[in-house]
Amino acid sequence: MLVYNSQNHRKQELEPIEPGKIRMYVCGPTVYDQIHIGNGRTFLSFDVIRRYLMYKGYEVTFAQNLTDVDDKIINRANEQGRTAAEVAEEFSDKFIEQMHRFGILDPDIRPRATREIEAMQGMIASLIEQGHAYAVPSGDVYFSVRSDHSYGVLSGRNLDQLRAGERVEVNDEKRDPFDFALWKAAKPGEPSWPSPWGEGRPGWHTECCAMIHRYLGTPIDIHGGGADLIFPHHENETAQAMCAWHAPLANVWMHAGMLQINEEKMSKSLGNFYTLKEVLDRYSANAVRILMLQTHYRAPLDFSFDRLDGAVSTLERLVSCVKNLRWAAEAAPQDGHLTEADRALGTEIDETYAEFTASMDDDFNTAGGLAAIFGLVTSSNKYLSEAAGTIETAVTLRAADALVELCGVLGIDLQQEMGKDEELPSELVSMAAEHAGYAGTSPSEAADALLDARQEARAAKNWGLADAIRDGIAALGLVVEDTAAGARLRMKKD
Ligand code: AMP
Ligand code: ZN
């Protein structure tokens, strides 16, 4: 399978360092606030990449850090009169909660910067020893970019261009304006740890590098993050690894494109953001996933609520197709006789798997993967309407299972969506007992019994009973939905 390596701007064959295994790392959030949906897009992209690698049979080890000490956290703590540790803990928990709501798999390893001080100090000491870093009188330690001949290779910049083009923090203690802090001397009131260079805290670029080395070993197969991290964060990460351990940090660097609003990058500083929480409070995680996966992970993604509403309808189309397939399969006689239409649907299913895999093997083209899935939705719907009466159970169920499975590879949980609709009110049970002689306890069986009873009442011109059932259903906020496979009750959407 092909993956795009940001380092050389080419798609290349994925060649795991250890056969059958993938070790990957994705830079995690700085935990000072709720994350926004732009951050969510990057984490989702790598969740899908990980899921697909697992689907392909790789044993994936996935690590992601929490940056739990940083200027932003310290500033937020000062504003709120709390400690930085309290702020970091609150937003680490909130981040993990939103990741779960979004259906993102937990990392196998989730190191936190504040718990990795020793590993970082070990790496810094080794960089100083090898002449790649220096401590200054204030107690800061800087990485010397000039000492690294490959500095700039990852992001395709060289230091001379950078010097001419970019403004950087002026600091008399640095030997080069692009030297970056590996260790920052403590300021009054800030969290700090003892070190050979005095009390202080680690710089941001240092943590990922030390954690990757400690937990995964270098180089790893895939290092990921948003495209805005290529420079300076990832450039600085890989510079440290090259100088400390004389090996690149990762074989493949992958970067997700920016989520934007009105063609502008979503960011906290611009104020044009929606938190993931507020979006998931209003929309199903599966619909947000569909919206995001309709765009290739490397391309910029234009977010709007109109597009998200579109994704809601798309999701509904998928869910009702699976329901109709299952519904029809259940009602069909099992005669084992295959018609032309049954065989054609079987072929469509096989082709859907092949198309899905071909798209995803091409640098995780999720838009192509979704197109394959929707091709099967179209053929399934056609089959259900054209083959009504001669529905074949096995192939119909196989189509439903294929949709559920392939969506699952993308982290779209159709089972969960179907569960939502099946939350029919329990009052249906007593209503069905009264009007349809139903003796069980399941609301969905009661719904079926009531619909049958209403059908029979109408056929028998028993309008009193038919109307009583109809009114009772409406009073519970339900609607009767007519599908190719018969009538069914569902909650009315506002
Ligand atoms: P941060 O907490 O700022 O380090 O961001 C966490 C992750 O979100 C990083 O991988 C960023 O590259 C990514 N990110 C930030 N803004 C966006 C955006 N607008 N679209 C996509 N990813 C983003
Ligand atoms: Zn990082």
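As the structure lists them, so they are numbered: ligands from 1, and atoms in each ligand from 1.
Of the N or O atoms in Thr30, one or more lie within a sub-3.5 Å distance of an N or O in ligand 1. Any N or O atom pair closer than 3.5 Å counts here, and Cys27 shares no such pair with ligand 1. Not a single N or O atom of Gly225, backbone or side chain, sits closer than 3.5 Å to an N or O atom of ligand 1.
The residue Gln260 has no part lying near ligand 1, judged by heavy-atom distances below 4.0 Å.
Here the closest non-hydrogen pair linking Ala367 and Gln294 is CB-O, 3.3 Å. In this structure, Gly28 and Asn65 approach most closely via the heavy-atom pair N-OD1, 2.6 Å. In terms of heavy atoms, Leu315 sits closest to Ser284 at CD2-OG, 3.7 Å.
Under the 4.0 angstrom criterion for non-hydrogen atoms, Phe273 is not in contact with ligand 1. Judged by the shortest distance from any of its heavy atoms, Gly257 lies inside the 4.0 Å radius around the atoms of ligand 1.
Atoms of ligand 1 lying under 4.0 Å from at least one heavy atom of Met258, given by number and element, are 17 (C), 18 (C), 19 (N), 20 (N), 21 (C), 22 (N), 23 (C). Each of the atoms 10 (O), 12 (O) of ligand 1 lies under 4.0 Å from some heavy atom of Gly226. The atoms of ligand 1 that sit less than 4.0 Å from any heavy atom of Pro29 are 2 (O). Taking every non-hydrogen atom of Thr42 and a distance limit under 4.0 Å, the qualifying atoms of ligand 1 come out as 10 (O), 13 (C), 21 (C), 22 (N), 23 (C). Near Phe43, meaning under 4.0 Å from any of its heavy atoms, are these atoms of ligand 1: 6 (C), 7 (C). Shown in contact with Lys265 at under 4.0 Å from a heavy atom are these atoms of ligand 1, numbered in order with element: 16 (N), 19 (N).
Salt-bridge annotation for Glu235 and Arg157: absent, with no side-chain N of the basic residue lying under 4.0 Å from a carboxylate O of the acidic one. By the 4.0 Å N-to-carboxylate-O rule, Asp33 lies too far from Lys277 to be salt-bridged with it.
Remark: minimum distance from atom 23 (C) of ligand 1 to any protein heavy atom is reached at Gly38 O, 3.5 Å. Annotation: atom 19 (N) of ligand 1 to nearest protein heavy atom, Met266 O, 2.9 Å. Summary of contacts: the protein heavy atom closest to atom 9 (C) of ligand 1 is Leu229 CD1, 3.8 Å. Among protein heavy atoms, atom 12 (O) of ligand 1 sits closest to Asp228 OD1, 2.3 Å. The closest protein non-hydrogen atom to atom 20 (N) of ligand 1 is Leu259 N, 2.8 Å.
When the Zn ion (ligand 2) is compared with the N/O/S atoms of Glu237, atom OE2 turns out nearest.
Among the atoms of His205, none of the N, O or S atoms falls under 2.8 Å from the Zn ion (ligand 2). Within the coordination shell of the Zn ion (ligand 2), defined by N, O or S atoms under 2.8 Å, Cys208 is present. For Cys209, every N, O or S atom stays at 2.8 Å or more from the Zn ion (ligand 2).
Of all the listed residues (His36, Met292, Gln64), His36 holds the heavy atom that lies closest to atom 16 (N) of ligand 1. Proximity annotation for atom 3 (O) of ligand 1: of Asn39, Leu301, Asp70, Thr67, Asn39 comes nearest, heavy atoms only.
Taking the ring centre of Tyr274 as origin, the terminal cationic atom of Arg282 falls outside the region bounded by 6.0 Å and 45° from the ring axis. With a 6.0 Å cutoff to the six-membered ring centre and a 45° limit on the axis angle, Arg289 counts as a cation-pi contact of Phe102.
There is no side-chain donor-acceptor pair under 3.5 Å between Glu316 and Ser320. Asp108 and Thr61 share no side-chain donor-acceptor pair at under 3.5 Å. When only modelled atom types and interatomic distance are considered, Tyr142 and Glu173 share no side-chain donor-acceptor pair under 3.5 Å.
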Kindly indicate, with the supporting measurements, whether the criterion side chain to side chain contact (heavy atoms under 4.5 Å, CB included) is fulfilled by Ile96 and Arg110. CA-CA 11 Å; Ile96 293 169; Arg110 192 180 335 251; 3.6 Å; yes
With side chain to side chain contact (heavy atoms under 4.5 Å, CB included) as the criterion, how do Leu376 and Glu348 come out once you've worked through the C-alpha distance, each side chain's angles and the decisive distance to 0.1 Å? CA-CA 7 Å; Leu376 183 57; Glu348 291 283 352; 4.2 Å; yes
Evaluate Leu410 against Tyr55 for side chain to side chain contact (heavy atoms under 4.5 Å, CB included), listing each step before the verdict. CA-CA 10 Å; Leu410 302 176; Tyr55 173 72; over 6 Å; no
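When ring centroids are compared, Phe180 and Phe143 come within the 6.0 Å threshold.
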